[in-house]
J.: 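My questions will all concern the structure given below.
The figures that follow rest on heavy atoms only: side chains count, while hydrogens, waters and symmetry mates do not. The chains referred to below are lettered A, B, ... by the order of the sequence lines, with proteins before strands, and numbering in each begins at 1.
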Number of protein chains: 2
Amino acid sequence: MPPLTVQPRNAGTEGLRRQNTAAVLRSLREHGASSRAELAQHTGLAKATVGVIVAGLEAAGVVVEEDVRSGTRGRPGRPLTLRGERHVGLGLELNVDYVSAVVLDLGGTVLAGDTRPATGPDALGGLVRDVVGEHLPGREVVGTTLAVPALVRGDDRTVAWAPNLDVAGRDLAATVSGLVPGGAVQVSNDANCAAYAEAHHGAARGARHALYLTGTVGIGAGILQHGELVRGGAGFAGEVGHVPVGDPAAACGCGRRGCWEASVGLHAMLAAVGMPELDTPLRSAEAVAARALDDAGVRAGLERVGHDLGLGIAMLSSILDPEVVVLGGYFAALGDLVLAPARRTLDERLASPAQVRPDLRASTLGIGAAALGAAEQSLGPVFAGELDLTGQLPG
Amino acid sequence: MPPLTVQPRNAGTEGLRRQNTAAVLRSLREHGASSRAELAQHTGLAKATVGVIVAGLEAAGVVVEEDVRSGTRGRPGRPLTLRGERHVGLGLELNVDYVSAVVLDLGGTVLAGDTRPATGPDALGGLVRDVVGEHLPGREVVGTTLAVPALVRGDDRTVAWAPNLDVAGRDLAATVSGLVPGGAVQVSNDANCAAYAEAHHGAARGARHALYLTGTVGIGAGILQHGELVRGGAGFAGEVGHVPVGDPAAACGCGRRGCWEASVGLHAMLAAVGMPELDTPLRSAEAVAARALDDAGVRAGLERVGHDLGLGIAMLSSILDPEVVVLGGYFAALGDLVLAPARRTLDERLASPAQVRPDLRASTLGIGAAALGAAEQSLGPVFAGELDLTGQLPG
DNA sequence: GACTTTAGTTCGAGTGTCGTACTAAATAGG
DNA sequence: CCTATTTAGTACGACACTCGAACTAAAGTC
């Protein structure tokens, strides 16, 4: 297959068509199966225009007609759906102790996904072969995104700093390019990816301004404004772990005291409840949650962690004013054990009387959030009108 | 004159023209006077297209031809410039102890501006009459923006909360609409407006990711990402005054301790140097700066304030990763007396080794920043292609 | 004074959207 | 069962816009 290429020019009428095609695709993703008439309503385009656009998408295999649904008056519409039998986005995650991969189609369906314990980028090759290999015939990979727990530069390719992973300075995008079938490859921060996933498929669905916090040994944040990730000038936005809102006496791995993650990071939480660390953050948290059922001391420890968590969220909320705050990582496994006290602290702490309290929710996506969000990011250019699927010959 | 109306539809070819017209206008603003050939280069449009677009802009009086500049080989270009003899943006500011107004033309030239002491919105009417009245003949006001030190809702019209101003709950946009000649009216937070002004005309020019901090009795922030204001879900983003990074012992007006503004707000600064408050924050700061020249105690006090300022900026920088941080309000008057210690603290405190230190700069716009930024915001829709100036008949 | 170089316009081709008129396919009601 | 009604989708012509090529215009260069 010829490689998909990003079309930068938007000045001519072809760019207009790309924009309108993307609007149709967005409408299909948002509203699900729709007839041409419904698409015309939702997008504001004329019926005739929608007809032409849909014809192109059908020819490219992006859109298929489903069975006619009748029952209403008048001629029944022929519902179109995005079950992309041809185009998928690939999401990978390289983390400290596991690698993960997700194949996502244009309709938002996860076609395949796997997570396996591993250390180091070498495991990615095999995982990609296994997960993608058997699902690829007849499909085309629109793009690949690799999520890593690291500071990723604004070029979306290179890692500037990774405290727990030996990838600093490497052009990871180039490495990944050799492993995947085709399409654009980019690298992205894992918290950013997870935030994106929660906004599209998880607890923050429907919110245009959201904050995602991942709790592991450190604390990372993904910030969404108008549905788009806030990256900052160098791409490093969201580094909230060492914000000084924790217990001023708590020593942090960074050498200072009072860092947030020294009070609410995994190790601090385990110390607060007096329990040992297990092989993964998730399993540690699950053990704590189980013990909390009949141990008041554990519940009290989590209460304190939840309070400190709320302090930091209050601070971030007054700066960023999110509608929803999603808690991922080990926080999700503890659920209301930490969310409830965090909510109470948040209520007390909001800076001004008029401030709106953001909705605190536990992540619903679990450990696969980052890879899913990475896959969703790979599909982003399609829905933004930056990538033209129509130019391809039908398979 | 008929009212200018915002054109929402972008689907048709007219929308395409609006987009390309806006691209030409942006290029003119960015690069200054340019020939049609240069415009074609910068925008990527065909020469023929630029010719048509420019003809429309000339007919509408938005663009004028300057004298031919020769000297190079070949036929000399006829430079076009944006010195908008017809269209201006109006910026107003209603603050605790003064009101301000600015008339800004499309080329970025301030045609008129005035600031006068006043308390309450009643003074706005007279100011607008005086400032706009004498500069309006033949011109058209594209839009008006009112800057207020308050939490402005996402509707850009109503005030949710204003600690120092009796405007809470009011639809200020409706009030202002009665005072100004025409065009859309919106209300905006003063720190956001000032941030916008610094990015277009001041210390943050050229930076796409910037943070503006205004120091008066309280501390407010304006956040720019990709040149656009970060507003948050309800419009309340940037409320940084009560972030708990100050001296934990310092009591704040909000009832808690440790708030940032309790350590770096105007009153805290004056207490640190042992000097009295004068009639305005600016004058107070100027007196302190003068005294600092030969009073080591004052310098030591400012050193401490600068340190606490740096702590908060470090925190905000790790969250938002700005390229530039601009300090306005009373901070600007103190200059390096607080900026130098803030820079030192910032260098120490940056969360990770790879983090980029943002450039700390004093505001260059002074007290008129908010009104200027408000005026610039009024012109925003023109350069974004949301407002069509071409449909108007030439005056 | 012919040549070269660059600026700007004219013109026709190509692409796209839109509204109207038309055909298609279902239900509702006698 | 047949007709009227209602809604979906298509065909077609009008209109708007961009683009490249050819052309004209206006300077400097040799």
Side-chain angles (χ1 to χ4, degrees), chain A residues 7-24 27 31 33-59 63-81 385 388 390-391, chain B residues 7-24 27 31 33-59 63-81 385 388 390-391:
Chain A
Q7 309 277 2
R9 291 287 303 281
N10 253 30
T13 53
E14 292 95 342
L16 193 54
R17 166 59 63 92
R18 268 210 318 284
Q19 291 290 110
N20 288 338
T21 302
V24 167
S27 177
H31 297 100
S34 320
S35 66
R36 291 164 181 78
E38 288 167 333
L39 285 172
Q41 269 245 246
H42 290 142
T43 59
L45 297 168
K47 279 197 304 177
T49 308
V50 171
V52 177
I53 288 174
V54 165
L57 289 172
E58 272 189 294
V63 145
V64 290
E65 241 174 43
E66 287 187 335
D67 288 344
V68 172
R69 64 176 162 215
S70 62
T72 63
R73 276 176 83 89
R75 171 176 170 178
R78 307 207 301 261
L80 299 155
T81 182
D388 184 13
T390 299
Chain B
Q7 307 278 2
R9 291 289 302 281
N10 252 30
T13 53
E14 291 96 341
L16 193 53
R17 167 60 61 92
R18 268 211 316 284
Q19 292 290 110
N20 288 338
T21 304
V24 168
S27 177
H31 297 99
S34 320
S35 67
R36 291 165 181 77
E38 288 166 332
L39 285 172
Q41 244 264 242
H42 290 141
T43 59
L45 297 169
K47 278 196 306 177
T49 307
V50 171
V52 177
I53 288 174
V54 165
L57 289 172
E58 271 189 296
V63 146
V64 289
E65 240 173 45
E66 287 187 334
D67 287 344
V68 172
R69 65 177 160 212
S70 61
T72 63
R73 277 175 81 90
R75 172 178 169 177
R78 307 207 299 264
L80 299 155
T81 183
D388 185 12
T390 300

J.: What string of B, S and - do you get for nucleotides 2-12 of chain D, 5' to 3', if B is base contact, S is sugar-phosphate-only contact and - is no contact with any protein heavy atom under 4.0 Å?
T.: ---SBBBBSB-
J.: With A:E66, which residues qualify under side chain to side chain contact (heavy atoms under 4.5 Å, CB included), at least two apart?
T.: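 A:E66: side chain to side chain contact (heavy atoms under 4.5 Å, CB included) contacts with A:A33, A:P79, A:T81, A:R83.
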J.: Tell me whether the count of non-hydrogen atoms from other residues, nucleotides or ligands lying under 6.0 Å of CD in B:Q19 goes above 12.
T.: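 Yes.
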J.: So which pairs with a foot in residues 39-51 of chain B pass salt bridge (charged side-chain N to carboxylate O under 4.0 Å, His left out), sequence neighbours left out?
T.: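 Listed once each, the pairs would be none.
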J.: Do the side-chain N or O atoms of A:T49 get closer than 4.0 angstrom to the phosphate oxygens (OP1, OP2) of C:dC18?
T.: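 It does, given that an N or O in the side chain of A:T49 lies less than 4.0 Å from OP1 or OP2 of C:dC18.
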J.: Under 4.0 Å from OP1 or OP2 of C:dT17: is there any side-chain N or O of A:N20 that close?
T.: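 Checking A:N20 against C:dT17: at least one side-chain N or O falls below 4.0 Å of OP1 or OP2.
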J.: Rounded to the Å, how far apart are A:D388 CG and C:dG16 P?
T.: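 Rounded to whole Å, this separation is 10 Å.
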J.: Measure CD1/A:I53 against P/C:dG16 and give the value in whole Å, please.
T.: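 It is 9 Å, rounded to the nearest whole Å.
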J.: Taking B:S35 for its side chain and B:E38 for its backbone only, find out whether a donor-acceptor pair lies under 3.5 Å.
T.: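 It does hold such a pair.
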J.: Just the rounded figure in Å: distance from C1' of C:dT6 to CD of B:Q41.
T.: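 It is 12 Å, rounded to the nearest whole Å.
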J.: Going by the rule side chain to side chain contact (heavy atoms under 4.5 Å, CB included), which residues pair with B:S27 if we only count those two or more places apart in sequence or in a different chain?
T.: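 For B:S27 the side chain to side chain contact (heavy atoms under 4.5 Å, CB included) partners, ignoring immediate neighbours, are B:H31, B:L39, B:H42, B:T43.
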J.: Whole angstroms only, please: what is the CD-C1' distance between A:E14 and C:dT17?
T.: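 About 14 Å, once rounded to whole Å.
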J.: B:L39 CG to C:dT6 C1': how many Å, rounded?
T.: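 After rounding, the gap between these two atoms is 15 Å.
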J.: Measure from CZ on B:R18 to P on C:dT17 and round the result to the nearest Å.
T.: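 The distance from CZ of B:R18 to P of C:dT17 comes to 15 Å, rounded to the nearest Å.
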J.: In whole Å, what is the span from the CZ atom of A:R17 to the C1' atom of D:dA16?
T.: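 These atoms are roughly 15 Å apart.
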J.: Provide the full list of salt bridge (charged side-chain N to carboxylate O under 4.0 Å, His left out) pairs with a residue in residues 71-81 of chain A, sequence neighbours left out, each pair given once.
T.: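 Passing the test, one end in residues 71-81 of chain A: A:E65-A:R78.
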